[in-house]
Colleague: 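Quick one: structure below, then a few questions.
Order of the sequence lines fixes the chain letters, A, B, ..., with proteins taken first and strands second; residue numbering starts at 1 for each chain.
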Amino acid sequence: MADDKKLTTRAEDFSAWYNEVVLRAELADYSPVKGSMVIRPNGYGIWERMQRALDDKFKATGHVNAYFPLLIPESFMKKEAQHVEGFAPECAVVTHGGGKELEERLYIRPTSETIIYHMFAKWVQSYRDLPILMNQWANIVRWEMRTRLFLRTLEFLWQEGHTAHATHEEGEAEARKMLGVYRDFMEGWIAMPVITGYKSESEKFAGGLRTYACEALMQDNKALQAGTSHDLGQNFSKAFDLKFQSESGEVEYAWNTSWGVSTRMVGGLVMTHGDDNGLVTPPKLAPIEIVIVPIWKTDEERSKLVEAANKLKDELTSWSGRGEDRLRVHIDAREGMKPGAKYYEWELRGIPLRLELGPKDLEKQSVFSARRDTRAKAAIPMAGVAASVAQLLGTIQSDLFTAAKARRDAATHRGDISYARFKEIMDGPGGFVYAGWNGDPAVEAQVKEETKATIRVIPDAEFRSPDAPMTCMVTGQPAKHEVVWAKAY
RNA sequence: CGGGACGUAGCGCAGUCCGGUAGCGCACCUGAAUGGGGUUCAGGGGGUCGCGGGUUCGAAUCCCGCCGUCCCGACCA
């Protein structure tokens, strides 16, 4: 930072910009343990709103919450072969407890499939016990080598849904349904457009049959995997003996799914909407939607305006036009700080809407508003102010999505793209490239080696090009799929 | 774990080459004025100079060892 007051700009150095926004908006701070972080109230407040919105959606789709323990016996981790292979290198293991070496080592969960399906096996006997639709909110540990605030840390918070079904069709439908729930949340709440689809073999969850994912594009044109949903097939039910007796009396293994989103989404929010003045929070996820800044010169004016600000806050928070979801308002009446300094601070923190209230506004029976996203300013009449403000917040929410989608589409390349051109794109601006792929993992590995880009997703029909490429971008052989390439976080 | 850089106040840094007992900006505290886009003045608090050892009358500075952090690579929600 050349100037202490200014952020590094996104154009100068995107990752420096990201770190500064996260630290200075007080979303998080580094903890003494390398690679782990403290989520501060400003960041946790966003996560809490994410949790609430998602939890409501999970409940609405018939899921219930439970909690499974942090520690998993080593033997459990080793029961599902691919799962072991996928996770072993990044697991933290407890070897000692109660002052002595443990007989069986305990893994700190990197995810909870093993313990959960072990328990499900205990609880399920008959098809009448199915489906089980369960979710837990938890912390998990994955020992990453290179970490970044929110995007990749040793420990993070997430939810993991786990379900058991009598048929594959039903499991498959569940995995797809939850992918849709994630998409609705990401687009409707984070205002972050995503591509949905499924992962190639090399990118899928170790131990599952198929991994579905939501992929978003950040402002530096790198992709962020924002959520995943797995069709686990019967791999875990076989490993953990999760059986049931069917209607016809046969004993069968259950079909499982698991799906999760994490605090990584907070990083996605920052990198989707943030600008060179700092964080921009979509109103629906903002712990504070509106900050009122009273403006005064003299002491008499101060008491008058602070009173007026309180009155305005009362009017806003008591308004019931949004039902139980009351407007979330904060008054900044700090002394010894000029209004301009306050504006910069609240902008850095991403508060969606600022209302300035000074003597002139009182005279005119209005407040002066400033949008965080566009920085557009306008006077709002006091009469009906709550409804006006709520409407404006709604506009901000939808404008953020529109702008993010326009950015993504501008950085999306389709059509007949040569591998040489592809390399130019990945070397330069980056972005999503839709291209044909012959389905060969060796080709995928070669592209990754040569360009650092990976197949983010084999897209759902809705996202596919109307004139999808018929040939593989690399080999020229007939294409098996149209796939989406990008460099990823 | 390999390659590079760096550890001095909460943060960012100067001082290290050429040893003499620590300084600047921001932040913080107090007071006064200021107050519609980063306010000014005055006063003030805060440092085992990463750790350990050595050389020296004397070490942030020179020597040896260790530790840690960051960046670049191999792994990843």
Colleague: Searching all strands shown, indicate the nucleotide that pairs with B/G68 (Watson-Crick or G-U wobble; both distances under 3.5 Å).
Modeller: B/C6
Colleague: Applying a 3.5 Å limit to both distances, which nucleotide forms a Watson-Crick or G-U wobble pair with B/C75?
Modeller: none
Colleague: Without placing hydrogens or testing angles, list every side-chain donor-acceptor pair under 3.5 Å for residues 78-92 of chain A, not counting sequence neighbours.
Modeller:
residue	atom	partner	partner atom	Å
A/K78	NZ	A/E74	OE2	3.4
A/E80	OE1	A/Q82	N	3.2
A/E80	OE1	A/H83	N	2.9

Colleague: Classify the nucleic acid contact of A/R302 as base, sugar-phosphate or nothing, counting any heavy atom under 4.0 Å across all strands shown.
Modeller: nothing
Colleague: Could you tell me how far apart A/E449 (CD) and B/C75 (P) are, to the nearest whole angstrom?
Modeller: 9 Å
Colleague: Using whole Å, what does the distance between atom P of nucleotide B/A77 and atom CD of A/E160 come to?
Modeller: 14 Å
Colleague: Look at all strands and tell whether A/Q225 reaches a base, only sugar-phosphate, or nothing, counting heavy atoms closer than 4.0 Å.
Modeller: sugar-phosphate
Colleague: Using a cut-off of 4.0 Å on non-hydrogen atoms, how would the nucleic acid contact of A/S15 be classed: base, sugar-phosphate, or nothing?
Modeller: nothing
Colleague: Under 3.5 Å, is there a donor-acceptor pair linking the side chains of A/H230 and A/T211?
Modeller: yes
Colleague: What integer distance in Å separates A/E301:CD from B/G36:P?
Modeller: 11 Å
Colleague: Under the criterion side chain to side chain contact (heavy atoms under 4.5 Å, CB included), which of A/V280, A/L400, A/L279 is the partner of A/L269?
Modeller: A/L279
Colleague: Without swapping roles, check the side chain of A/R408 against the backbone of A/M192 for a donor-acceptor pair under 3.5 Å.
Modeller: no
Colleague: Could you tell me whether the side chain of A/M186 reaches within less than 4.5 Å of the side chain of A/I190, counting heavy atoms only?
Modeller: yes
Colleague: For B/G12, what is the paired nucleotide under Watson-Crick or G-U wobble rules, both distances under 3.5 Å?
Modeller: B/C24
Colleague: Does A/E347 reach a base, just sugar-phosphate, or nothing at all? Heavy atoms under 4.0 Å.
Modeller: base
Colleague: Please determine, for B/C62, whether a Watson-Crick or G-U wobble partner exists with both distances under 3.5 Å, and give it or none.
Modeller: B/G54
Colleague: Is A/L151 touching bases, backbone alone, or none of the nucleic acid, heavy atoms closer than 4.0 Å?
Modeller: base
Colleague: Need one value for A/G336: base, sugar-phosphate or nothing, where a base atom within 4.0 Å counts as base even if backbone is also close, heavy atoms only.
Modeller: base
Colleague: Expressed as a whole number of angstroms, how long is the span from A/Y343:OH to B/G35:P?
Modeller: 13 Å
Colleague: Is there a side-chain polar atom (N or O) of A/K6 under 4.0 Å from OP1 or OP2 of B/G38?
Modeller: no
Colleague: In terms of side-chain heavy atoms of A/I295, which of B/G38, B/A77, B/G35 is nearest?
Modeller: B/G35
Colleague: Should B/U30 form a Watson-Crick or G-U wobble pair with both distances under 3.5 Å, which nucleotide is its partner?
Modeller: B/A42
Colleague: Specify the separation, in whole Å, of atom CD of A/E335 and atom P of B/U34.
Modeller: 13 Å
Colleague: State the pairing partner of B/C17; accept Watson-Crick or G-U wobble contacts with both distances under 3.5 Å, and report none otherwise.
Modeller: none
Colleague: Got A/R328 and A/R49 here, is their nearest side-chain heavy-atom distance under 4.5 Å?
Modeller: yes
Colleague: Examine the side chains of A/T111 and A/R109 and answer whether a donor and an acceptor come within less than 3.5 Å of each other.
Modeller: no
Colleague: Is there a side-chain contact between A/R349 and A/V291 (heavy atoms, below 4.5 Å)?
Modeller: no
Colleague: Using a strict heavy-atom distance below 4.0 Å, which residues from residues 350-380 of chain A are in contact with RNA chain B?
Modeller: A/R354, A/E356, A/G358, A/P359, A/K360, A/D361, A/F368, A/R375, A/K377
